[in-house]
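What follows is a set of notes on a single structure, which appears directly below.
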Amino acid sequence: QNSRTYGGRGSCRPITDETVCTLQIYPRLSVKPGRSCILRVPKEATAATVIKTALATLGLDTSKTYVLVEVQEYGGEEWILQASDQPVQRVLLWPRKAQDKHPQSDGYFFALQEGSYDGSIQYDVMTSVRQEKVAQGLANRGFVTQQPQEYDDLCNLPELTEDSILGTLRHRFHKQKIYTFASNILIAVNPFKFLPIYNPRYVKMYENHTLGKLEPHVFAIADAAFHTMLNKRVNQCIVISGESGSGKTQSTNFLIHCLTALSQKGYTSGVERTILGAGPVLEAFGNAKTAHNNNSSRFGKFIQVNYLESGVVRGAVVEKYLLEKCRLVSRGKTERNYHVFYYLLIGASEEEKVEFKLLHPEQYHYLKEEIPIAEDQAEMKHEFRRLHQAMEMVGFLPSTKKQIFSVLSAILYLGNVTYQPKDVGEGLKVGPDRVLYAISDLLKVKVELLVEALTTRKAMTANDTLILPYSINEAITARDSMAKSLYSALFDWIVLRINHALLNKRDLEESVPRLSIGVLDIFGFEDFKTNSFEQFCINYANEQLQYYCNQRIFTLEQEEYRAEGITWHNIDYPDNIGCISLFSKKPTGLFYLLDEESNFPRATDSTLLEKFKQQHQDNPFFVQTPVREPAFVIQHFAGKVKYQIKDFREKNTDHMRPDIVALLRSSECSYLRQLIGANPVAVFRWGILRATIRTLAVFNEAGRSWAEKHPGNIYGSLIDFSFDRSEEGPLEILLNVIVLFSVQNLIDSHSLKFIMDLTQHNRATRSLLHLHTKKKPPSISAQFQASLSKLLETLRKAEPFFVRCIRSNEQCWYTGMLQTVRIRRSGYGAKFTFKEFTDQFRVLLPKEISTPQQDITNLLTKMGLPRSSFQIGRTKVFLKESERQILQEALHKEVMRRIIILQRWFRACLMRKQYLRERKGIITIQVLFVWLSRGFKKNAFSRPVVSKCFRCNDLPLLLSFTSLLGPKASGSHSNFPRVKSSATFPGPRRNPTIKISRATRVQEKWNASLDREITDSNELRHLDEFLGNQVCVDVYILLQLFERHLDFNSKVGFDTLVNPNIGYKVLMSGYQTRVSSLAGLKKASEVPLVVNLFQSVLDGFIRGELKRLEADPLGHLFSTYQVTIMQSCDQCSSFIWGMEKAFMCSSCKMVCHKKCLSKITVNCTGHCDRKVSTAETLHFGVPVCALVRTADSVPFVMEKMLVHVEMNGLYTEGIYRKSGSVCRARELHHLLEKSPQAVSFDNYPIHTITGLVKQWLRELPDPLMTYSLYNDFLYAADLPEESERLRAVYRKLDELPPPNFSTLERLIFHLVKVAKEEAHNRMSVNALAIVFAPCILRCPDSSDPLLSMKDINKTTLCVEILINEQTRRYNQKMEEIQQLENAEAMAVKQLKLRRQNTIFERPKLGSDVSSVDGANLEIEKNLLERIKSIKKEKNDLAFRLPEFDQDSSDAENMDSESLVSSDSLLEDHCVSLDSEGQY
């Protein structure tokens, strides 16, 4: 054989004599997955030798057991090689291509697998065989047919046919990719199962991304609509279309979920919660199981979410269309009634079943068609709990829910009413009695009136009213009509109540510019075995929707191309205007003919059908049927549908009957009377008036009773009127009205009138409330056409996004999908007027634009864009979407290039200015040196000594957590305590006084933490390190702290302690004993001061230790999360049902069950890993979490620089405005990177250090206020009200990673201290915010720099809010402490004076002490208690941070002087007074 040389990477070829081969090994391990190694081994090498060599190359643990596995993925085969097997011999059996190169992607490779001691593989940790690669490999080798290439956008198909479109959709569907783009149109295939792709992390993934850059998803459409609305300031709408069962309702829920999540930027007003709760409520009352869909919407709804221009939800409006009332009383055999009935009957508790008189589903006539099976019943119990929670989210009180369930139960009982002819005379017997009494009790109506309404009707004549009995068929119709009227009124009231809850009160008071996104979820096209009036209206609505889509996609698009004069070939599409004319054209449209026949007294369904056939026998969209068949056929855009003419007239005039209205108005339940009210505003006003009159009646009766008992004391006449108060008490009715309409404090008729103007609330069907009304209400079809026209008008005023839902077995020919894809592919997705183009891309165009058409053409040609990808019209520029993105990227690069040029020139100017200044100084020194050398005697170098000191009363501002300063026993205020240099501060620093609190923390009394016991030796080590880092400068007794520390170490011996069990109280008592022995008698009075000081230090450590133990080591920040749509647990992959409580990480958006929290092993992707392998000397340009040892600490370099500035630079003018020497800054930067502990700042100007503070912040890979929360802070700062802005900003701060949070609160406190010295340093709060906003709140690098420039005001305002609020809280806290100190000083002074007076008037020697007046002792005792109380209150206040900070570490938050002065003084006074009493 000929010798072979090495081939590519991973080849198996002999080098010279075929004795050495190259193998590529892939480890399948949990550590460092995917890392491979290339080994050169002899041909006779065994598997054991290869494993040993691979372990050494990969650096793996050799103590574990490993096996070498031969993998052949194409056959799904794997073999474990024995220790004596030769891997090279196995390679020679592979195909020739795999022998030359065997990368993992080809299917033949060796895997290094961790095995058991017996040599077997732990298959539970193996990666599964990838079926996709197997199929691809087989196709490449010619064994199977080549699969079509995957396209996520149908416009990119190389061959555009119906087969290629269906093949692509089928291919993606089999891979569980149910979403596909057709340009900006989303095609969604219903998978008929839940897919785990709707968790919050997917919302975050698609946020603010260009449509088409990521995998198609319904969240991408929601995000595109949201940001298009914000950028263009134009209303948007999302039109969801498709057949029944294609998944429109679920798509609507996903869209609403995403839109509310995108709007929750900092402050949630509660509207989002109401919107999310409205969905399950409307689904329960308006959806039902049909033959094609288990959750079919039997009504249409249009949800319009209103936003402020900042993107914050302002309110919402829900409009409903055509509830299918006939479903309540009759359905097909395989269909069910509305969901809510089954939820109530199956999910209600035993108490609720008794209260609402509930039976089993099979015992109700209205539910007899299909009874849920056992599996469905378990789900329905859960759905009933979900409904309860959703109704609470909307604002339904428990009493309201009970009233709703009572009405539902009464409706079901109505179906059980039966009729029989009377034995004697005319009329009907109605029964059974238990059913009638149940209905009477549930509706609070009299049984006699109920029986009368169910068996007779009233007829009005000129002079009298006739009461006529029903026939059996008429009685059954009246019974069903009452049930349908009740349910329809209930559904209308629920929609009205939801809109009332979604209304923003400010909309009534002020006119604020608003934007909106509407989501249309209307009933899909239906073709059942039996189609009636409901399907007739539903399919007409779908015809109108299809026409709207055609207009927006085809007609308007092509008309614009022709108007602009660009090259374009028209694309034909199916036009359905003829079918729409068949329905609605005057005067022969089907709807108008139906209304005519409905008004004729003697007309029937047969005469209606004959009129249809006579008027439209030549219409191609109206298909004739056999003469005797009571049906007609219409050719719709989706196919032919046969409609049964039965009950068309009756359903078109199905209004609420006057007899039923009179019966319900007689109900004792005010809620039921409101349901059937014709005008909710009038009902509301009448309810208030009624309650007021009843209240006056009670006062009248009480006054009369009082007058009878006091006949001689009558001051005025009583109101003389009577009122029936038999139903309920006046206070009860008043509270009922208030509760009923008290959603968000909107207790007025203006809000109801506002809602009535916005919605198409159905009042016409209840216009028979007044029996004297002569005008007939409009028919159902007329109302439906009017509401549909208003809907289409709203859609035409907004920019649409389309979501086309199809069933997985649906054909797409009738949808016009081929034509849609063709026009989207040939058309131009981006359109700009010349002005818009020049304004947006001004940077890329020449400075002087004379002819926009030519300049724009030159630009696009110069960029190399294909001529077919753009066209220049008369007034507009047309671009393909891909070319628009290229243009946008070029704009971004050009802007960044110019920014860099500006920065370069600005830095050059600064360096030039500094150079000239230094050059001038050098020349001056040289001149002076020449003068001196020539003998001039001048005192040219005299420099005043500037002493920098701090005011003594400003001591709280000078202290941080790591420096506990105590006052000297004696000395004037002019001698200030000397503080050690910041260079001596070892270790990272904790946070100082002012903090930005987390709302989830709980304030505890600081003394209670001493009850904790030490049970872990690591805690002892942490305590030793913590105490060793403390710096105490006080009287000599404080210097014994380190002696105590050493003695503590020697006594405890924690280095060898394995399971310690020591209480902190024991340590405190031992420390107190040690301090007392060191102090002796001379310093005994200062023992309490030192003990209290040490107690505060120890308590600070305990709190920090508790936080460390509670913190998630993986970096997650979990909080309770209300699930509104079904999601999947990211840990166990099981379902999380709607309305369940889950936990979500605010950073990485991970969602899991509560039980799964302890099982999580994945690090938070939103936070950096603390175990990042960075060099120990790096402190700049490193993530914050990599610079701290605990989550609540501050990076050492940052703390050291801030402390030095606070000690030496607060009074320096322009401390953060002026820049320091660049050379000195580089020198200090180098030293801090190398060894920050050894650096002394005393040799550097203060501006050099402040410049490094800003540089440290700017160089962070992720700013303190994080890229992920950048937009959230902008939205928070843009809220209209100051209180809302404040709450929103602080709420978003709570989502920061703990290290970022701690560092930010330290920086904000530093800025508070700087701002308090504005009189000296000239740095106002606004100036500081301008300087630091770009440092701590930067926009992501991928953002458009031109757009980010507009956000500068918002970022500055956000930082300014923080500084102002924390300054206010600090000042408030200091004032309260000062007031307590004054009160304490006054009490101590009184105690001193009383003691002195008592000593001065002390009895002579030999007299009995008991002779002292007891009153004086009592006063002294009260003063002592008062001093102790004030001291305790002051300490609690000092250790408790402002309102937003609900817990704290005592040592972090106040100075030792204010902490221990009360104890020291009190103990000193008591000791001295006691000692005085001994003389």
Practice prompt. Would you check, one step at a time, whether the test salt bridge (Lys or Arg N to Asp or Glu O under 4.0 Å) holds for Glu883 with Lys880?
Written response: CA-CA 5 Å; Glu883 275 65 27; Lys880 302 283 189 183; over 6 Å; no
Discussion item. Any non-hydrogen side-chain atom of Asp152 less than 4.5 Å from a side-chain atom of Tyr179?
Written reply: no
Item to complete: Decide yes or no for Gln888 and His892: does some side-chain heavy atom of the first lie under 4.5 Å from some side-chain heavy atom of the second?
Response: no
Worksheet item: CD1/Ile1308 to OG1/Thr1303 distance, rounded to the nearest 0.5 angstrom?
Response: 11.5 Å
Discussion item. Would you say the rings of Phe226 and Tyr307 are close, in the sense that their centroids are separated by under 6.0 Å?
Written reply: yes
Item to complete: Answer with yes or no whether the side chains of Glu889 and Gln885 bring together a donor and an acceptor at under 3.5 Å.
Response: no
Worksheet entry | Distance in Å, Asn1271 CG paired with Cys1339 SG, rounded so as to fall on 0.5 Å steps | 9.5 Å
Discussion item. Counting neighbours of CZ on Arg912 that are heavy atoms of other residues, nucleotides or ligands and sit closer than 6.0 Å, is the number greater than 12?
Written reply: no
Item to complete: Evaluate the side chain to side chain contact (heavy atoms under 4.5 Å, CB included) criterion for residues Cys1358 and Met1265: first the C-alpha distance (whole Å), next the side-chain angles of each, then the deciding distance (0.1 Å), finally the verdict.
Response: CA-CA 11 Å; Cys1358 189; Met1265 298 175 78; 4.1 Å; yes
Worksheet item: Does Glu1206 come within less than 4.0 Å of Arg1306, counting only side-chain N to carboxylate O?
Response: yes
Discussion item. If you define the side chain from C-beta out and look only at heavy atoms, does anything of Leu844 sit under 4.5 Å from Phe837?
Written reply: no
Worksheet item: Judged by atom type as modelled, is there a donor-acceptor pair below 3.5 Å linking the side chain of Asn1321 to the main-chain atoms of Met1323?
Response: yes
Worksheet entry | Distance under 6.0 Å and angle within 45° of ring axis: Lys876 vs Phe834 | no
Practice prompt. Keeping the roles fixed (side chain from Arg1258, backbone from Pro1334), state whether a donor-acceptor pair exists under 3.5 Å.
Written response: no
Discussion item. As an exercise, state the distance from OH of Tyr1275 to NZ of Lys1354, rounded to the nearest 0.5 Å.
Written reply: 8.0 Å
Worksheet item: Phe1309 vs Tyr1370 aromatic rings, parallel, tilted or perpendicular, using cut-offs 30° and 60°?
Response: tilted
Practice prompt. Would you please test Met1150 and Phe1143 for side chain to side chain contact (heavy atoms under 4.5 Å, CB included) and show each step?
Written response: CA-CA 8 Å; Met1150 181 180 186; Phe1143 284 83; over 6 Å; no
Worksheet item: Do Glu1295 and Lys1292 meet the salt-bridge criterion of a basic N to acidic O distance under 4.0 Å?
Response: yes
Discussion item. Quick check: do Ile1246 and His1204 have side-chain heavy atoms less than 4.5 Å from each other?
Written reply: yes
Item to complete: Start with the C-alpha distance between Arg1322 and Glu1318, add both sets of side-chain angles, then the distance that settles salt bridge (Lys or Arg N to Asp or Glu O under 4.0 Å), and finish with yes or no.
Response: CA-CA 5 Å; Arg1322 308 296 183 188; Glu1318 180 184 354; over 6 Å; no
Worksheet entry | Rounded distance [0.5 Å steps], CG in Leu1311 versus CD1 in Ile1363 | 4.5 Å
Practice prompt. Assess the pair Tyr1216 and His1310: is the distance between their ring centroids shorter than 6.0 Å?
Written response: yes
Worksheet entry | Test item: Tyr206 and Val218 side chains (from C-beta on) under 4.5 Å apart, heavy atoms | no
Worksheet item: Got a second to check how far Asp1130's CG is from Cys1145's SG, nearest 0.5 Å?
Response: 10.5 Å
Discussion item. Within the 4.5 Å heavy-atom criterion, are Phe1180 and Leu1232 side-chain neighbours or not?
Written reply: yes
Practice prompt. Side-chain contact test, heavy atoms from C-beta onward, threshold under 4.5 Å: evaluate it for Gln236 versus Ser516 and give yes or no.
Written response: no
Practice prompt. Starting at CG of Asn1300, measure out to CG of Leu1260 and round the result to the nearest 0.5 Å.
Written response: 8.0 Å
Discussion item. Check for me whether the distance between the ring centres of His217 and Tyr198 falls short of 6.0 Å.
Written reply: yes
Worksheet item: Would a 4.5 Å heavy-atom cut-off, applied to side chains only, mark Leu1257 and Met1198 as touching?
Response: yes
Worksheet entry | His227 side-chain N/O to Ala222 backbone N/O, donor-acceptor pair under 3.5 Å | no
